Amino acid sequence: MSALSSEMRTHLHDHGYLAIQSLISPEAVIQLQAIYDRLFTEQAGRGEGNQYDLAGNDSETGAARLPQIMHPAKYAPELLDTALYRVVSDLVVDLLGAGAETRFEHAICKPPNSGAPTPWHQDAAYWDPSNRYRDISVWVPLQEATLENGCMHFVPDSHRLDVLPHQSIGGDPTVHGLELAPGQEQHTLNALACPLPPGGATIHGGYTLHYAPENRSTVPRRALILCGRPADGPTPRKRAMKFPWLEERKTARMQRTQAAESEAD
Ligand code: NI
């Protein structure tokens, strides 16, 4: 049975995002929390560039502003057996057709007491500019997501835009995270917040503008994001785009990835 009603599917198609109040049970959230917290305590994947600071320069000494772990199931394979991973695996087939798969997942743990905002961006600004994508992201908070701790915000209908100009956060190419470039603010005027209970989720497409404010609460804001891709993958663009913000980027994370790869050679 589909987790989504026909109204929900229509909303996602028409507006580029969807909020779901209940995707998994509160008990399933608690199970995920324990695995998630262990991964961040261990800084799983740091040596190979899969754990890094999305919003800072990722130094080995200072506190991370917005720690992220790519491919968490690589470091905690038990995630693959959780209710969330099973439900999302069905959901991506439901939305993207037979053969669609969870292509990758990542975890963003926003520290308490002013963990950095995730600035306005489109996910496709991170991806290969020679392609168009139908990929979707399922964003799942592992506690309540509120205005105070950094719930998701979307611009309805922004999925109809192509990739807008972006830059590294703060214009600093040593920072991994991207933000909408200065002068593009008019695109975010109609934003809507999506607070969620534990076990809820949002879904958005690669072109949908989204943002999450800083965490002003006293506990971490944990989010796990699973990304689905259709079986036929992305489509080459008829006319290639250039994403100079990707070409300019030079981060500590990239250096760790390169060092780990050259060791493996
Ligand atoms: Ni995003």
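Whatever order the structure lists ligands and atoms in, that order sets their numbers, starting from 1. The model shown is predicted, which means the values in this text are computed figures rather than measured ones.
A donor-acceptor contact closer than 3.5 angstrom is absent between the side chains of His159 and Asp157.
The aromatic rings of Tyr36 and Phe40 are tilted relative to each other, their planes meeting at an angle between 30° and 60°.
Among the atoms of His121, an N, O or S atom falls under 2.8 Å of the Ni ion (ligand 1).
Looking only at its N/O/S atoms, Asp123 has OD1 as the one nearest to the Ni ion (ligand 1). The atom of His210 that is an N, O or S and sits closest to the Ni ion (ligand 1) is NE2.
A distance of 6.0 Å or more separates the ring centres of His153 and His210.
With respect to the salt-bridge test (charged N to carboxylate O, under 4.0 angstrom), the residues Arg239 and Asp162 do not qualify.
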